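Structure first, then comments.
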2 protein chains.
Amino acid sequence: MARAGLTTERLTRAGAELADEVGFDRVTLSALARRFDVQVASLYAHVRNSGDLRTRIALLALDELAVRAADALAGRAGRDALAALGGVYRDYAREHPGRWAAAQVRLDPATAAASAGRRHAELTRAILRGYDLPEPDQTHAVRLLGSVFNGYVNLELGGSFDHSAPDTAQTWPRVLDALDALLRHWPAS
Amino acid sequence: MARAGLTTERLTRAGAELADEVGFDRVTLSALARRFDVQVASLYAHVRNSGDLRTRIALLALDELAVRAADALAGRAGRDALAALGGVYRDYAREHPGRWAAAQVRLDPATAAASAGRRHAELTRAILRGYDLPEPDQTHAVRLLGSVFNGYVNLELGGSFDHSAPDTAQTWPRVLDALDALLRHWPAS
DNA sequence: TGCGTTTGCCTAAAGGTTTTAGGCAAATTA
DNA sequence: TAATTTGCCTAAAACCTTTAGGCAAACGCA
């Protein structure tokens, strides 16, 4: 009987594709087994359980995002850099809605520490070099930028902006203008 | 045989409590039936299916949030109003994590239109009366504020801010300062 | 090349969730 | 009190998760 050539890596990758196709909450070991034409129980040799698969997909997504972000930020500063980083999140979420959903799951502390999470924070912090913020405020600004990008992408993707004019193609650049202005004139404590 | 006195209303309310206790994604008709000491099939007389229940919980959460927001905003303007609205979302998410998660689900257009979603947008827009923005930018600002509040609450609740100092008790007021400053000095197109 | 060991995928089985169909009895109304 | 509605029931099929134990393919080494 020929072997299917399963590995944790391949399962994770296929799980991510499945998530993009049918939604992250519908990623199931059954569906994955079907995709490899294999018995469900066989997957348990490569993945601890279905939760384990989900966190692996989440880590994959966080990593892919960090790679794209690093790439997009190279050689950019100021508003350009804001547009680049925000654009990475926005485009990724549109291209890979399932992976994006995966990237939103809460990870336990140990897993989170080993994730690309910190890299995201550092990439965001790199943008601040183009502005002039004192140290405690840099962290606050990193968190604010993360909140805006994350929130905007989720609301836009969730359709929250669909019921009012103008459409988000108009709003997005103005949000970037606003963030740029805010960082240039950051209020003192 | 005594009746349990099920109604759609009671099921929705109990489902919301269950969500807060065990997490929104673990709200199941089985668990709900157990809670009422009733057979699962009995629930189908009051709720179309498990997705229907989830949607109802989402609508309940959006409504409760809108009520709290309207209450908190009464008589406030400027930074005070920003703090009040943001505080409502933040506190609600902490008190009712399951309901908050429910409020994030994507609703189909018809359901969304009948939800408290528009009220949220209008309450946010009311805050802008304390500032001075031309019309197209008001919508952009509403979306920006929604993004920040939504994103901040989700990241904070998801533990994304746990791995860096200072803690979010320091960051939150500075974020409000920043938003206040931004709205007072909104950049021109 | 052949032998032993590891590893990959299998069958079997138990337990939980979702949903539909059809039935009896309690509550409501006339 | 009789007729009707309504509430909750049993039964059953379909799907997902997880564990246990087994056989055969692939690999490592003499």
Side-chain angles (χ1 to χ4, degrees), chain A residues 1-60 97-99 101-102 105-108 111, chain B residues 1-60 97-99 101-102 105-108 111:
Chain A
M1 206 170 288
R3 298 194 173 187
L6 305 181
T7 63
T8 305
E9 167 86 21
R10 288 189 65 196
L11 289 180
T12 305
R13 206 158 285 287
E17 285 164 22
L18 188 59
D20 288 335
E21 289 165 24
V22 305
F24 182 61
D25 48 343
R26 284 188 195 162
V27 170
T28 116
L29 291 181
S30 297
L32 205 53
R34 239 173 272 132
R35 180 162 293 220
F36 281 95
D37 200 31
V38 135
Q39 295 298 315
V40 185
S42 306
L43 305 184
Y44 283 82
H46 306 278
V47 140
R48 218 174 13 261
N49 51 41
S50 90
D52 182 37
L53 174 68
R54 280 157 194 277
T55 77
R56 285 178 194 279
I57 297 173
L59 293 174
L60 173 71
R99 283 154 148 105
V105 305
R106 169 159 215 168
L107 302 171
D108 67 287
T111 311
Chain B
M1 208 169 289
R3 298 196 175 188
L6 304 181
T7 64
T8 304
E9 166 86 21
R10 288 189 65 197
L11 289 180
T12 304
R13 206 158 285 286
E17 285 164 22
L18 188 59
D20 288 335
E21 290 165 24
V22 306
F24 182 61
D25 48 345
R26 285 190 193 160
V27 169
T28 129
L29 291 180
S30 297
L32 205 53
R34 240 172 270 133
R35 181 162 293 221
F36 281 95
D37 201 31
V38 136
Q39 296 298 315
V40 186
S42 306
L43 306 184
Y44 283 81
H46 306 278
V47 140
R48 210 167 29 252
N49 52 39
S50 93
D52 182 36
L53 174 67
R54 281 155 192 276
T55 305
R56 287 179 192 279
I57 297 173
L59 293 174
L60 173 71
R99 284 156 149 102
V105 304
R106 171 159 215 169
L107 303 171
D108 66 288
T111 311

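Each chain gets a letter, A, B and so on, in the order the sequences are listed, and its residues count up from 1. Please read these numbers as outputs of a predicted model, since none were measured by experiment.
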Might you point out which heavy atoms bring [X] and [Y] nearest each other, and give the distance in Å?
X	Y	value
A/Thr12	A/Leu53	CA-CD1, 4.2 Å
B/Arg10	B/Gly5	NH1-O, 2.8 Å
B/Ile57	B/Ala102	CG2-CB, 3.7 Å

Q.
Are A/His46 and A/Arg56 packed together at the side-chain level, in the sense that at least one heavy-atom pair is separated by less than 4.5 angstrom?
A.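 The answer is no; the side chains never approach within 4.5 Å.
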
Q) Can you tell if the side chain of B/Leu32 reaches within under 4.5 Å of the side chain of B/Val27, non-hydrogen atoms only? A)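 Not in contact.
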
Q) Should the pair B/Glu17-B/Arg13 be classified as a salt bridge under the 4.0 Å nitrogen-to-oxygen rule? A)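 Result for this pair is no, no salt bridge flagged.
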
(Q) Side-chain N or O of A/Ser42 versus OP1/OP2 of C/dG8: is the shortest distance under 4.0 Å? (A)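 No, outside the criterion.
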
Q. If only side-chain N and O atoms of B/His46 are considered, is one of them under 4.0 Å from the OP1 or OP2 phosphate oxygen of D/dT6?
A.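 Checking D/dT6 against B/His46, no side-chain N or O comes under 4.0 Å of OP1 or OP2.
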
Q.
Pair B/Leu107, B/Leu59 - check side-chain contact (heavy atoms from CB on, under 4.5 Å), show working.
A. CA-CA 9 Å; B/Leu107 303 171; B/Leu59 293 174; 4.1 Å; yes

Which whole-number value in Å describes the distance from [X] [atom1] to [N] [atom2]?
X	N	atom1	atom2	result
A/Arg26	D/dT17	CZ	C1'	18 Å
A/Asp25	D/dC16	CG	P	14 Å
A/Gln39	D/dC23	CD	P	17 Å
A/Leu43	D/dT19	CG	P	13 Å

Q: Say whether, by atom type as modelled, one donor and one acceptor occur between the side chain of A/Arg26 and the main chain of A/Ala31 under 3.5 angstrom.
A: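 Between the backbone of A/Ala31 and the side chain of A/Arg26 there is no qualifying donor-acceptor contact (under 3.5 Å).
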
(Q) Looking at A/Leu60, is its backbone amide N or carbonyl O close enough to the side chain of A/Arg99 to form a donor-acceptor pair, meaning the two atoms are under 3.5 Å apart? (A)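 No, because the side chain of A/Arg99 does not come within donor-acceptor range (under 3.5 Å) of the backbone of A/Leu60.
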
Q: Flag yes if more than 12 heavy atoms outside B/Asp108 fall under 6.0 Å of its CG atom; otherwise flag no.
A: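 Atom CG in B/Asp108 is packed in, count exceeds 12.
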
Specify the residues of [range], ordered by number, for which at least one heavy atom lies under 4.0 angstrom from an atom of DNA chain D.
range	value
residues 27-35 of chain A	A/Thr28, A/Leu29, A/Ser30, A/Arg34
residues 6-19 of chain B	B/Leu6
residues 50-57 of chain A	A/Ser50

(Q) Counting only side-chain heavy atoms from C-beta out, which of D/dC9, C/dT19, C/dT11 sits nearest to B/Tyr44? (A)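 The answer is C/dT19.
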
Q | side-chain contact (heavy atoms from CB on, under 4.5 Å) evaluation trace for A/Thr55 with A/Val105 | A | CA-CA 8 Å; A/Thr55 77; A/Val105 305; 5.6 Å; no

